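This report concerns only the one structure given below.
For this chain, numbers begin at 1 and follow the sequence in order. Model, not experiment: these values are computed from the prediction.
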Amino acid sequence: MEQRLTDNPQEQDFSMKSILLPLVAIILGCFMVILDTTAMNVALSKLVEDFHTQLPTLQWTVTGYMLAQAAVIPLAGWLSDRFGAKTVFLTSVILFTIGSLLCALPNDPQTLIMFRVIQGLGGGFVLPVAMAYVYRLSPPNKVGQVMGMLGVPILLAPAIGPILSGWLVEYHSWRWIFLINLPVGIISVLFGLWSLPKLATKKLAGLDIPGMILGPLAFAALSYGVNQGAESWTSDKTLTGLIVGGIALIVFIFVELRAKHPLLDLRVFRSVDFSFGIVVQWIVQFSLFGAIFLLPQFLQQGRGYGAFDTGLTLFPQALASACMMPIGGYLFDRIGVRWLVVIGLSLVSGAIFQYSNLDIHTGREDLLLPLIMAGSGMGLMMMPLNSHLINKTPRELVSRVTSLTSAMQQVISSLAVALLVTILTKRIAKLMVEANVPPEALTNQTAGSGAAQASPEQLQQLLALAVDAFDYTFGIMVFVAITGALLGLLLRRGKKNSGESAQADKPEAALEGLHMG
């Protein structure tokens, strides 16, 4: 593992208290950004009512935010090298906080969409820079424990988001979803100005302008394409996003491999351990994000839960993740990532298998055990796998890895939702044909008061078919998670990077060789 800010004697004296204040600044910034990603989904129905507009229009408050994030993530590493990680992190938190204030003000959807894009531009930088920052703050033998602390908001925020936002929307105003970010952002900035160490910048010999254009275009277009795929994989929007994104990605790869000073140095894929590890990470991301997305849909569509009740039901999963995250970090420092991924994905597989046996009578008590299993599995393996990828990166390429992995995770998350929605809807359509249920029954039910409602018998039949479709979709996810667990057996802990012992005697050389991303 790589020598970073301190030499070995200093590492022995390391105490978590010494980086507690910087961690507070970083964790608050990450928590705020991730929380807002899930909170907006709950408010859409209320916004449709308040703005007197249609859901497809307001859906752009989510899509625009996501595309803005995907576009700027590839730039995070270069900007950190050029201007310093502290400057980039604090600037991004300030931009996100200002965007949150602006988002609380509009009275029309177009203005809200524009301000959400501003939010996304700030939020896109936060997580990749934070991950690299925390990695730099921690000594090699404590990477897992420190990164585990950062992982808590990553898994806790998506679960708390629906609870908090559902309560605010139902009992107060949707504007408070954004206003609550203001004190969090201000505290994060103040703690950051006071406690974040100023890491050295790197003199960059060249500016990769083609990469700066093609990278954001590729990841934003691909994210948009797969996001639209949830509605139709053959629509003009989906095909345009996938084609433009695919062509931009191919050209981007070609340009980056030939550039003297690439935006994202793809030579990192020459490391077999890194390449294999990132494939496993994609499977983990698909399994985790798929489960996080699909179960709330079942609770709301199959069981009729509101957003607030859904959030309360899912909270044990977040609590289990928060409890297991430090344990996962502690174990990573001692046994590596292999068995954490195997055990973690085995727990997630077991939880999803239980989800595949849900029915219309499933209650909160029936979900308690699988939710704890899923949360524990997530907590055990998520941040250790990120730490493993950074550890497997050649020394001179460390600065850009968090930008690369974060950008790909954005695409994988969108792909997970799109594919699962496709599988679910096609399964419902097939079951309706087999059960001789007319398509108008589903159309009338989803159309609302503007159409004739389905009869009580048809509603019961539709509900039963929907539950069967959810079970089928969860069943497919079981195989994906098991595949990831089996591949996890092949992950290697590996040896320290060559030259590390030599660098250990020269802390200043280590600082020169490693820079923030």
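- Summarising the geometry of I372 relative to A320, their closest heavy-atom pair is O-CB, 3.7 Å, with the distance given to 0.1 Å.
- Nearest heavy atom pair, residue A374 against residue Y355, reads CB-OH, 4.0 Å.
- Taking 4.5 Å as the limit, every side-chain heavy atom of T61 sits out of range of all side-chain heavy atoms of F115.
- The backbone N or O of V88 sits nowhere less than 3.5 Å from a side-chain atom of T91 that would complete a donor-acceptor pair.
- For the atom pair CG of L385 and CZ of F332, the computed distance is 9.0 Å after rounding to the nearest 0.5 Å.
- Among residues two or more places apart in sequence or in another chain, the ring-ring contact (aromatic ring centres under 6.0 Å, His included) test is passed with F51 by W174.
- Atom CD1 in I283 sits 8.5 Å away from atom CG in L345 (nearest 0.5 Å).
- Between atom CD1 of residue I73 and atom OG of residue S223 there is a gap of 8.0 Å, rounded to the nearest 0.5 Å.
- For the atom pair CG (L371) and CD (Q354), the distance works out to 9.5 Å, reported to the nearest 0.5 Å.
- S188 contributes no side-chain N or O that, together with a main-chain N or O of G185, makes up a donor-acceptor pair within less than 3.5 Å.
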Full working for side-chain contact (heavy atoms from CB on, under 4.5 Å) between L299 and L314: CA-CA 10 Å; L299 292 175; L314 297 177; 4.0 Å; yes
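- Across all their heavy atoms, L127 and C30 have their closest contact at CD1-SG, 3.9 Å.
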Evaluate side-chain contact (heavy atoms from CB on, under 4.5 Å) for F96 paired with V126, printing each intermediate quantity in order. CA-CA 9 Å; F96 186 89; V126 170; 5.5 Å; no
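- Sorted by first then second residue, the side chain to side chain donor-acceptor pair (under 3.5 Å) pairs that include residues 108-126, not counting sequence neighbours, are D36-R116, D36-Q119, S100-Q119, D108-T111, R116-Q119.
- Residues Q69 and V33 meet the side-chain proximity criterion, which asks for heavy atoms closer than 4.5 Å.
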Decide side-chain contact (heavy atoms from CB on, under 4.5 Å) for Y224 and T240; before the verdict, give the C-alpha distance in whole Å, the side-chain angles of both, and the deciding distance to 0.1 Å. CA-CA 9 Å; Y224 175 74; T240 300; 5.8 Å; no
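- Separation of atoms CG (N181) and CG (L28) is listed at 11.5 Å; rounding is to 0.5 Å.
- With contacts defined as side-chain heavy-atom distances shorter than 4.5 Å, the pair L196/I26 qualifies.
- The shortest distance between side-chain heavy atoms of M381 and V348 falls below 4.5 Å.
- One finds the CE atom of M373 at 11.5 Å from the CE atom of M378 (value rounded to the nearest 0.5 Å).
- When the options L112, T97, I118 are evaluated for a side chain to side chain contact (heavy atoms under 4.5 Å, CB included) with L102, the one that passes is I118.
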Listed pairs under 3.5 Å, donor-acceptor, residues 470-478 side chains, sequence neighbours left out:
residue	atom	partner	partner atom	Å
D471	OD1	L358	N	3.3
T473	OG1	A469	O	2.9

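- At least one side-chain heavy atom of I180 sits less than 4.5 Å from a side-chain heavy atom of L168.
- Judged purely by atom type and a 3.5 angstrom limit, S321 uses its side chain to pair as donor or acceptor with the backbone of Q317.
- When side chains are defined from C-beta on, P216 counts as touching L75, because their heavy atoms get closer than 4.5 Å.
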Given side-chain contact (heavy atoms from CB on, under 4.5 Å), test V93 with F125 step by step and report yes or no. CA-CA 9 Å; V93 172; F125 291 118; over 6 Å; no
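- No side-chain heavy atom of W176 sits under 4.5 Å from any side-chain heavy atom of L164.
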